[in-house]
Amino acid sequence: MQPVNIHLANILQKILSTHFEVDHSFAQIQKSDRPDLADYQTNCALVLAKQLKTNPRALAEQLIAHWPKDDPTHITIAGPGFINFKLTDQQLVSTLNQQVSSTFTNQEVANQTIVFDYGGPNVAKPMHVGHLRSSIIGECLKRLYQFAGAKVIADIHLGDWGTQMGMLIVGLHQQHPDWPYFNQNHIGPYPQQSPITLADLETLYPKISAACKEDSDLAEKCRIATQELQQGRPGYLALWQHFIDVSISAMKKEFNRLGVSFDCWFGESRYQEKLQPLVDLFRGKKVAEICDGATIVEVEEPSDNKPMPPVILQKKDGGFLYATTDLATIDERIQDFKADQIIYVVDNRQALHFEQIFRAAEKIGWHVPWTFVGFGTMNGPDGKPFKTRAGGVMKLKDLIDTLTATAKERLLNAERDHNFSDQERQQTAEQIGLAALKFADLQHDPKQNYQFDIDKFMRFEGKTGPYLQYAAVRIKSLLAKADLNTEKTSLQLPSSVPNAARDLLLHLIRLPEVLNETLKHNSPNILCEAAFQLAQAFSRFYNEAPVLTETDSALKEFKLRLCQQTYKTLKVYLDIIGIDIPARM
RNA sequence: GUCCUCGUAGUUCAGUAGGAUAGAACGUCGGAUUCCUAAUCCGAAGGUCGCAGGUUCGAAUCCUGCCGAGGACACCA
């Protein structure tokens, strides 16, 4: 399958190279900025004219004079030298037919093994909205790369080995000094069943964490407990395993509800054994050095125009850091997973950290194409990080529950409740709530902060997830009534194509270029914008051109096939975004 | 202090090969339902693209300075 823009670009490129001897980078075709004049356009004459110091309009004339006579595209020159392309209706229809009968792949990523690092929740801490962006964006990119033909591996990269573990151990010791986990002389196995629940941990953690800030002796105790855990004290390890078990089972439920899944549930603890050998390797190769007792890697380069602190691999007390674990993780991903690329979906604030890490990796001779997809904060209407009305951190579960409850109310009040069973109503409401949440996030450039106004997104109107779902649901309902033969999928050009249908066709054939563009920038908002525009084009078509009552049978068939393809295309977009299409709404 | 990101309609955001009339959603105002789901559609009003210079035939886009917001900066993650 060849997207139209690529088809046109190929012709352009051939002309440019044979008649103008310029490199192919000039052969770019884009969607027209003036839909009233054209479908696609190229600005290459303007750009090239500058370089060749000639008149852009004359250059455009020369250029299209070489356009192959058998290509039916209608070409015009406008303004200072824009070259405009208008496709024939037949071209649109056959492009769509071709698109339907072939599978999309992106040559750059097809057959690559790509590791995605996202989610990154911490054991024993409740998931809050801060984890939402990483999870939603990461999941979306993973699905996109998979759709484009890559072999993807999603790793949650659990925070399970830091100081918070020592804090929890000390906290529990204070509450239950009699538990066998704290008794150094305890002989025999520890209880199989966890004596604590996740709820216990979630209340304990903020308390002990706050207490440590006040009390430096307590903080020191926690540090020691962490160290003992890391050195393998059996009672602590047994207790720690309970933390992991209760946390993971809760996380699995939450991620499952969100539609986010991982292939690996690896945590930082996985690399514990590998950290000292890793430091030794860096030292052995003289990449690392000792400075003030700590082992560091200098990663500054002469070309830097900003301060670039060294990476600290090992603290002077012998402890390891985030950086050490991250490097060990990279090593495994390259050596064992044979990763061709690693994509990190992590908070923007960690940009410097990852730049340091990858410089260190380069210095030791690991050459991994890596991509840091940094995302901004999710802010409340006040422009500050999103909080509950009471001012606390909002738990993910509460957020989803709120949205679901609103959706449910809407289903009941708007007389849209199709005699739903309680179960179907709940499920539909949840699908709608999640669609609103995900689309609100993904429609924004991930790099930027965005403002999440819960009241606004609970209205479910306009540029929202539910709008896209609604369009899909209407098509589904329409197709069900039409009793369409679904084995056949191709469209046959009718004697005349209504304007709204032509516009819809144009949006449908953009699918491959939209996917490619989204991949190129790792920006789901590009895909979301296109999906929204497709749904808009459909809604317009739906209002202007009644399908089922169409009397011209060829035109009716054409319209139905168009609806069918719109549904399929919309579903491709929504599947990547992670939005379910309800049966009814 | 140094560096990074950002400043576009009343609001939230799109908009990088420098290019045609700066787009969308919400909100406001006006209209559409004997007809496939009105969570829909159509129309209107609304902009000195933070400010000031510069480069260019042409700048929201590139350069410089200033103002404003957020963030990062060696033993936390």
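Just so we're clear, the structure is a prediction, and the values are computed from it rather than from any experiment. Below, chain A is the first sequence line, B the second, and so on; all start at residue 1.
- A donor and an acceptor atom, one from each side chain of Arg359(A) and Gln356(A), are nowhere located under 3.5 Å apart.
- Side-chain rings of His353(A) and Tyr322(A) approach one another, their centers coming within less than 6.0 Å.
- In this structure, Glu461(A) atom CD and A38(B) atom C1' are separated by 9 Å, rounded to whole Å.
- Remark: ring of Phe82(A) not stacked against base of G19(B); the cut-offs of centroid gap under 5.5 Å and plane tilt under 30° are not jointly satisfied.
- Aromatic rings of Tyr344(A) and Phe358(A) (six-membered ring for Trp) have centroids within the 6.0 Å cut-off, being under it.
- For U37(B), the OP1/OP2 oxygens have a side-chain nitrogen or oxygen of Lys481(A) closer than 4.0 Å.
- The distance from atom CG of Leu46(A) to atom P of A17(B) is 12 Å, rounded to the nearest whole Å.
- When heavy atoms are screened at a 4.0 angstrom cut-off, Thr325(A) is found touching no nucleic acid atom at all.
- Side-chain to base pairing of Asn84(A) with A20(B): one donor and one acceptor N or O lie within less than 3.5 Å of each other.
- Judged by distance alone, the side chains of Gln443(A) and Asp441(A) never bring a donor and an acceptor atom under 3.5 Å apart.
- Across all strands shown, Asp455(A) has no heavy atoms under 4.0 Å from either base or sugar-phosphate atoms.
- If you check every strand for non-hydrogen atoms under 4.0 Å, Met585(A) touches a base.
- Rounded to whole Å, atom P of C26(B) lies 15 Å from atom CZ of Phe460(A).
- Other residues, nucleotides and ligands contribute at most 12 non-hydrogen atoms within 6.0 Å of the CG atom of Asp292(A).
- At a cut-off of 3.5 Å, with distance as the only test, a side-chain donor of Thr377(A) or Asn449(A) sits close to an acceptor on the other residue.
- Within the nucleic acid shown, Arg584(A) comes within 4.0 Å of at least one base atom, counting heavy atoms only.
- Atom CG of Leu534(A) and atom P of A24(B) are 17 Å apart (whole Å).
- Of the side-chain N and O atoms in Gln536(A), one or more sit less than 4.0 angstrom from OP1 or OP2 of A25(B).
- Base pairing in RNA chain B gives the following stems of 3 or more Watson-Crick or G-U pairs, range against range and under 3.5 Å: B:1-7 with B:67-73, B:10-13 with B:23-26, B:28-32 with B:40-44, B:50-54 with B:62-66.
- G54(B) and A59(B): their C1' atoms are spaced 11 Å apart (whole Å).
- Ring centroids of Phe354(A) and Phe372(A) are separated by less than 6.0 Å, placing the two rings close together.
- When the C1' atom of U11(B) is taken as reference, atom CZ of Arg459(A) falls 10 Å away, rounded to whole Å.
- At a cut-off of 3.5 angstrom, the base of G27(B) holds no donor-acceptor pair with the side chain of Lys456(A).
- Computed from coordinates, the Tyr542(A) OH to C41(B) C1' distance equals 11 Å when rounded to whole Å.
- With no hydrogens or angles considered, no side-chain donor-acceptor pair links Lys125(A) and Gln164(A) at under 3.5 Å.
- One side chain, Tyr40(A) or Glu513(A), offers a donor N or O that lies under 3.5 Å from an acceptor on the other.
- A salt bridge is absent between Arg270(A) and Asp155(A); no separation between the charged side-chain nitrogens and carboxylate oxygens falls under 4.0 Å.
- One finds no salt bridge joining Arg540(A) and Glu544(A) here, because no Lys/Arg side-chain nitrogen approaches an Asp/Glu carboxylate oxygen to under 4.0 Å.
- For U40(B), the OP1/OP2 oxygens have no side-chain nitrogen or oxygen of Ser539(A) closer than 4.0 Å.
- Taking every side-chain heavy atom of Tyr450(A) into account, C13(B) is the closest of C41(B), C13(B), G18(B).
- Contact annotation for Phe26(A): base contact, defined as any heavy-atom pair under 4.0 Å involving a base atom.
- Lys50(A) comes within 4.0 angstrom of a base, heavy atoms only.
- Spacing between atom CG of Asn525(A) and atom P of U12(B) amounts to 18 Å, rounded to whole angstrom units.
- Using a 4.0 Å heavy-atom distance criterion, Gln451(A) is classed as a sugar-phosphate-only contact.
- As judged by a 4.0 angstrom heavy-atom cut-off over every strand, Gly79(A) is placed among residues making no nucleic acid contact.
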List, with names and distances, any nitrogen or oxygen atoms from the protein found under 3.5 Å away from nitrogen or oxygen atoms belonging to nucleotides 72-77 of chain B.
from	atom 1	to	atom 2	distance (Å)
C75(B)	O2	Lys316(A)	N	3.2
C75(B)	N4	Asp292(A)	O	3.4
C76(B)	OP2	Lys315(A)	NZ	3.1
A77(B)	OP2	Tyr322(A)	N	3.4
A77(B)	O3'	Glu268(A)	OE2	3.2

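- On a pure distance criterion of 3.5 Å, no polar donor-acceptor pair joins the side chain of Glu529(A) and the base of A24(B).
- Across all strands, Gln30(A) comes closer than 4.0 Å to base atoms (heavy-atom distances).
- Residue Gln28(A) places its side chain closer to A17(B) than to any other of A17(B), A14(B), A25(B).
- In this entry the distance linking CG of Asp445(A) with P of U16(B) reads 10 Å, nearest Å.
- Gln314(A) and Gln276(A) are linked by a side-chain donor-acceptor pair at a separation below 3.5 angstrom, with hydrogens and angles left out of the test.
- Taking atom C1' in both G27(B) and C13(B), the straight-line distance is 15 Å, to the nearest Å.
- Residue Arg584(A) places its CZ atom among more than 12 non-hydrogen atoms of other residues, nucleotides or ligands, all under 6.0 Å distant.
- Around atom CG of Asn499(A), no more than 12 heavy atoms belonging to other residues, nucleotides or ligands sit under 6.0 Å away.
- At least one test fails for Arg410(A) against the ring of Phe460(A): distance under 6.0 Å to the centre or angle within 45° of the axis.
- Within 4.0 Å (heavy atoms only), Asp304(A) reaches no atom of the nucleic acid at all.
- Using C1' as the reference atom, U16(B) and C26(B) are 27 Å apart when rounded to the nearest Å.
- Candidate nucleotides A17(B), A25(B), C36(B) were compared by shortest atom distance to the side chain of Asn43(A), and A17(B) ranks first.
- Taking atom P in both A72(B) and C49(B), one finds a spacing of 32 Å when rounded to whole Å.
- Across all strands, Ala435(A) comes closer than 4.0 Å to no nucleic acid atom at all (heavy-atom distances).
- Annotation: proximity of residues 467-475 of chain A to RNA chain B (heavy atom, distance under 4.0 Å) is found for Tyr467(A), Tyr470(A), Val473(A), Arg474(A), numbered in ascending order.
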